[in-house]
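Input: a single structure, listed below in structure tokens.
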Amino acid sequence: MAEEDEFSVPLIADLYTPPALLPIAQLKDALLYTIETYTVTIIVGETGSGKTTQIPQYLYNAGWTSNGQQIAVTQPRRIAATSVAARVAEEMQCQVGQEVGYSIRFEDVTSAKTKIKFLTDGLLLREMLVDPLLKRYSVIMVDEAHERSLSSDILLSVLKKVLKVRPDLRVVISSATLDAEKFLDFFTPDKDEVGESKPNEEYGRIVSIEGRVHPVEIQNLIEPASNYVEAAVDVVMEIHKSEAQGDILIFLTGRDEIDDAIDMIADRVAELDATKETIQLLPLYAGLPSEQQMHVFQRAAENTRKVIVSTNIAEASVTIDGIVYVIDCGYVKLRAYDPVVGIERLNVVPVSKASATQRAGRAGRTRPGKCFRLYPEGAFDTLEDATFPEIQRSNLAPVILQLMNLGIQNIIRFDYLSNPPSQFVIRAFDLLASLGAVDTYGRLTKPLGTRMAELPLEPMLAKALLNAPTFNCLSELLTIAAMTTLQGTAFISHDGNTKAADKKKRTFAVTEGDHITLYNVYEAFVRNKLQAQWCHDNLLNFKSMTKAHSVRKQLKHYLERFGVTEHPLHASDVLKAGGLELSERVRRCLTTGFFAQAARMKPDGSFQTVNGKTTLWAHPSSVFFHRKADWVIYHEILETRGKIYIRDLTTIDMDWLTEYASDYYKTKKK
DNA sequence: GAGCACTGC
């Protein structure tokens, strides 16, 4: 499925199939005919079919860009957009940025010559704010639509609307077998909208392209594993003892399980005969610093079998060649949103059939492989066909803002691929109304609501940032907003030494809390000239800090466009701000966005929500994990293993809650 | 008291 979206490693000649030999080449004419004749074409392309790289070239050669329009190909991930653009540019013998280019946040590598443009689906949605009918494109290909990400679902919905006005536009959707029909049904216009000349079956077609992968033999356990980590370790040792050479990829659900499995395998390996083939153990998860992630791509030493123990990141985002054996625990950790309490949870749930199939396929990229599923064969049939769409598991406030800003009036009756539960929509509207982004008629407010929608930030943070000039702390809020988007990745620990990292972190910590601590970290980074070495010495993630720098710059541009700029503090401003200290102004400003996420510390160090119903805990990364506090607001709340953690905390006065959100707290008391 | 599945603008 995601054969092209891998880390940008150099192409290895013997893994590269010349385009003319790909199965898709035989279908070229049929494909072009279908796309020309039908408005929507669903491509069911297996792994290795070459759909992503070849179809845009076919369309280009067939003249779909000769009238000055472009072909857009959307990807769910940045890495995919850049690496596929590089591959296609190479095949077309041009430089990336010429006929073939890509566009992702912070990086637009396109030019006036660009005809084929790869971009993230989220960015294409943003483009629609400027070009609502996407007139610059003749064809839009939405790749990996079966993953059902929030932005690709939304994109497909708005494309359906665009097609009603632009019958000349062609939409190509790449999907897995199981939901091809669903996509086609979705795009087929309702009966009353279709004229005599265009019966439903004339609107779209499904085209299947076989892949070019090796067979993977599936083996199941007879009984369900009582402990799948232990079962996985047993299977690794069994493979190592009795199967031929080849690397092993294990799918587990999280970091703790990965660490446990690695310890257990290491113990078992120590008992082995040292003269025989040995095992190299490699963890893989998103939170791992990227240098360590890169180890999984390195060839193992002589007589060494690589065993990669991974989260779901290896299912589609990271592709590793040379895997011959896959061990699939059958579970995945997924986010679920609880609209009643307003918190997100991370739950371990059974994978879908599509996921299980994709995981197994990871064993057949280089040669025939084997997949060991740690559950009985019959259990497969009980799995869901596809992973629950993200839109049914998420806080919808950002989505709703975005849809409204695209001119969608009726959010409840909007044509979703899968309807989000109405509870989710109601909760999101409540929040947006309390922030002043929508009025009592459910319309986006101007300019506040539209500006919040345009900023690439969550609504609460966007609101606080837009309020910053009032508190004369725009520069500070820009930094804080940029740093909180890093989601805790600023601090790293070399070789798992979290003690040292915590100690370093304390040198930046302040009693006001995490936001101002993060501000101090960024300020120090800038004072030290954005140096990698300085980050390394202070146990900071250089890549993350550089990202914060880009985000800050981008946010600043947005605010300048809105006519909101930083200005020095004049005497009159000081008076307007009540002559308050900077840190208090920052904390008050944050409260104007995050008032709905307030809590009070109890003597035992835990926190309680305003309504007293829920117990929360400071995340261990917070300065309040060790320190005392009274009232705080927090940026993020997440339940994991039955305990609710809050992250990025800042102290406030209780009075500020009613000062800045009197309506919100009045209605809550009722 | 002890942690974060995965993306993206």
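Proteins come first, then strands; the chains are lettered A, B, ... in the order of their sequence lines, and each starts at number 1. This structure is a prediction, so every number in the text was calculated from the model and none was measured.
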Which part of the nucleic acid, if any, lies within contact of [X], taking any heavy atom under 4.0 Å across all strands shown: a base, the sugar-phosphate backbone alone, or nothing?
| X | value |
| --- | --- |
| A/Gly488 | base |
| A/Leu346 | base |
| A/Thr311 | sugar-phosphate |
| A/Ser621 | base |
| A/Gln554 | nothing |

Name the closest nucleotide to the A/Pro620 side chain, picking from B/dG3, B/dA5, B/dC9.
B/dG3
Proximal nucleotide (of B/dA2, B/dG3, B/dC9) relative to the A/Asp256 side chain:
B/dG3
Assign each of A/Thr253 and A/Asp604 to its nearest nucleotide of DNA chain B by heavy atoms, then name whichever residue's nucleotide is nearer the 5' end.
A/Asp604
Position toward the 5' end of DNA chain B (nearest nucleotide), A/His619 or A/Leu457:
A/His619
Would you say A/His619 and A/Glu636 are linked by a side-chain donor-acceptor pair, where the criterion is simply a distance under 3.5 Å?
no
Rounded to whole Å, how long is the line connecting atom [atom1] of [X] with atom [atom2] of [N]?
| X | N | atom1 | atom2 | value |
| --- | --- | --- | --- | --- |
| A/Tyr285 | B/dA5 | OH | C1' | 13 Å |
| A/Ile79 | B/dG8 | CD1 | P | 9 Å |
| A/Arg393 | B/dA5 | CZ | P | 15 Å |
| A/Arg335 | B/dC6 | CZ | P | 12 Å |
| A/Asn405 | B/dC9 | CG | P | 18 Å |
| A/Phe388 | B/dT7 | CZ | P | 22 Å |
| A/Gln293 | B/dC6 | CD | P | 9 Å |
| A/Glu257 | B/dC6 | CD | C1' | 16 Å |

Please verify the inter-ring angle class for A/Phe562 with A/Tyr558; under 30° counts as parallel, over 60° as perpendicular, anything in between as tilted.
tilted
On the ring face of A/Tyr285, is A/Arg255 found with NZ or CZ under 6.0 Å from the centre and within 45° of the axis?
no
Does [N] have its OP1 or OP2 closer than 4.0 Å to a side-chain nitrogen or oxygen of [X]?
| X | N | value |
| --- | --- | --- |
| A/Arg77 | B/dC6 | no |
| A/Arg641 | B/dA2 | no |
| A/Ser149 | B/dG8 | no |

For A/Val348, which residues count as a side-chain contact (heavy atoms from CB on, under 4.5 Å) partner, sequence neighbours excluded?
A/Tyr228, A/Thr253, A/Tyr331, A/Lys333
Indicate yes or no: at least one non-hydrogen side-chain atom of A/Val109 is less than 4.5 angstrom from one of A/Thr82.
no
